[in-house]
Q: 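Attaching a single structure in structure tokens format; questions to follow.
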Amino acid sequence: MSTILTPTSVRSTSANSLEPIPWIDLQEQYRAIRGEIQDAVMRVLDAGQYVLGPEVTAFEQEFAAFVRAEHAVAVNSGTSALHLALLAAGVGPGDEVITVSFTFIATVSAIEYCGATPVLVDIEPQSFTMDPAAVERAITPRTKAILPVHLFGQSADLEPLLALARAHGLRVIEDAAQAHGAEYQGRRVGALGDLGCFSFYPTKNLGAYGEGGLVTTNDAALAAQVRLLRDWGQARKYQHVVKGFNFRMEGLQGAILRVKLRYLEQWTAMRRQVACWYGAGLDGVVLPVEMAGRKHVYHTYTVRVPGGGRRDLLQQQLAAAGVGTAIHYAVPVHLQAAFANLGYGAGSMPESERAAGEVLSLPMWPELKEADVARVVRATRDSLLEK
Ligand SMILES: *Cc1c(COP(=O)(O)O)cnc(C)c1O
């Protein structure tokens with residue numbers, strides 16, 4: 001049978017199809033909400049509120065309600081959210097901020113943007129998140145904050161981290177860029193620490209059609225400080241009370257995100273269903289674990305393939321079978337050339353290094369069909385059988 005390859009935008013979902021399954025597809029979701037998005041975009045253009053404005057303000061209120069946090073301040077990226085949250089928490093030159101090495105580079109870069117020193121610690125192997133015992137060992141008199149990352153859509157183990165912060169007078173800033181709606185002991189991430197940082201990069205669980213980010217907090221003074229910093233430190237127009245930045249959210253992104261936020265609970269349920277299909281079918285790989293008391297929102301569906309080189313082999317064979325995958329992350333931050341200045345060597349963070357060699361993210365998006373999941377499962381089994 002000859003197959004005509006079509007763009008993903010008109011991809012068929014037949015189980016027998018030989019058409020590629022990408023590791024992520026944003027087009028199907030867009031098509032489902034196209035009319036509402038176009039109305040929202042036209043509303044902004046007609047009103048002429050291109051930067052901040054009523055749509056962004058309304059989005060802030062709606063996202064705060066979603067997280068069950070008191071305040072939300074929208075910015076232009078997740079990186080800016082981290083940067084401003086750290087500054088609002090008082091992080092500056094001479095301070096140390098403890099975070100993980102097994103994360104996206106932005107988490108660590110944001111600490112350096114403040115002139116502070118990132119102190120990197122290892123992860124717990126099951127959850128891929130910050131190891132509280134390692135944090136305790138890393139605390140020094142210069143430590144100012146702890147920055148856990150809710151990686152792949154699952155909360156870090158916040159209770160012991162919050163206890164350490166209380167005992168040592170530290171701030172907790174959550175990197176929730178991958179974890180919109182994830183829960184820890186029934187509470188939504190972003191509302192547990194002093195400040196929570198979200199990204200709306202298009203591939204995130206709530207994605208803008210462009211860049212976007214947001215800071216949540218239950219502290220009115222911290223919210224006010226982030227608000228000041230994102231718009232040039234202006235208390236009033238052209239009255240600059242602190243040195244600020246141009247980190248404002250665009251009106252178009254605010255309006256688009258308001259439309260998409262209304263679907264987020266449903267999309268999370270769909271992601272969890274996809275994870276359920278994978279979990280029931282996959283064999284021969286280590287499945288992601290939803291830890292007790294935490295709700296995973298499966299930003300990615302990341303498995304482990306232990307055994308030297310087997311992960312890379314599986315990735316190649318899946319690619320040959322038309323299944324796209326991604327590696328989050330192949331090199332932990334402490335081994336990145338850009339962060340050689342921090343002085344960590346190979347072997348200093350064994351769990352992060354082992355994870356980097358074993359992880360593989362399988363196709364994951366809310367609209368992914370059961371038949372396509374079954375195809376990924378079959379291709380994985382066939383590949384692992386071959387050896
Ligand atoms: C995406 C991401 C960021 C940065 O967000 P941007 O919006 O791309 O700037 C920060 N931390 C983590 C863990 C992320 O996944």
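In each ligand, atom 1 is the first atom listed, and ligand 1 is the first ligand listed. Quantities reported herein were computed from a predicted structural model and do not represent experimental measurements.
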Q: Could you list the atoms of ligand 1 found under 4.0 angstrom from a heavy atom of Val149?
A: 13 (C)

Q: Would you kindly check if the NZ (Lys) or CZ (Arg) of Arg188 is within the cone defined by 45 degrees around the ring axis of Phe66 and under 6.0 Å from the six-membered ring centre?
A: yes

Q: If the cut-off is 4.0 Å to any non-hydrogen atom of Gly78, which atoms of ligand 1 fall inside it?
A: 5 (O), 6 (P), 7 (O), 9 (O)

Q: With heavy-atom distances below 4.0 Å as the criterion, list the atoms of ligand 1 near Thr103.
A: 13 (C)

Q: May I ask you to list the atoms of ligand 1 that are less than 4.0 angstrom from any heavy atom of Thr107?
A: 11 (N)

Q: Ring-plane angle category for Tyr30 and Tyr209, please: parallel below 30°, perpendicular beyond 60°, tilted otherwise.
A: perpendicular

Q: Say whether Ser199, considering both its backbone and side-chain N or O atoms, lies within less than 3.5 Å of an N or O atom on ligand 1.
A: yes

Q: Would you call Glu36 and Arg258 a salt bridge, taking side-chain N to carboxylate O under 4.0 Å as the test?
A: no

Q: Less than 4.5 Å apart, side chain to side chain, heavy atoms only: is that true for Leu368 and Tyr301?
A: no

Q: For Leu151, which part has a heavy atom under 4.0 Å from ligand 1: side chain, backbone, both, or neither?
A: neither

Q: Walk me through it: do Trp23 and His328 pass the test ring pair (Phe, Tyr, Trp, His ring centres under 6.0 Å)?
A: CA-CA 12 Å; Trp23 87 270; His328 303 104; 5.1 Å; yes

Q: Identify the closest protein heavy atom to atom 9 (O) of ligand 1: which residue and atom is it, and at what distance?
A: Thr79 OG1, 2.5 Å

Q: Using the rule that Ile, Leu, Val, Met, Phe, Trp and Tyr join whenever any side-chain heavy atoms are under 4.5 Å apart, tell me whether Leu147 and Val73 fall into a single cluster.
A: yes

Q: Below 4.0 angstrom from a heavy atom of Ser77, which ligand 1 atoms are there? Numbered from 1 as shown, please.
A: 7 (O), 9 (O)

Q: Check for me whether Lys204 has a heavy atom closer than 4.0 Å to any atom of ligand 1.
A: yes

Q: Determine whether Phe63 and Leu195 fall in the same hydrophobic cluster, where Ile, Leu, Val, Met, Phe, Trp and Tyr are linked whenever their side-chain heavy atoms lie under 4.5 Å apart.
A: no

Q: Using a 4.0 Å heavy-atom threshold (strictly under), name the region of Asp175 that reaches ligand 1: side chain, backbone, both or neither.
A: side chain

Q: Using a 4.5 Å cut-off on heavy atoms from C-beta on, say whether the side chain of Val333 contacts that of Ile105.
A: yes

Q: At under 4.0 Å between heavy atoms, which part of Ala106 makes contact with ligand 1: side chain, backbone, both or neither?
A: side chain

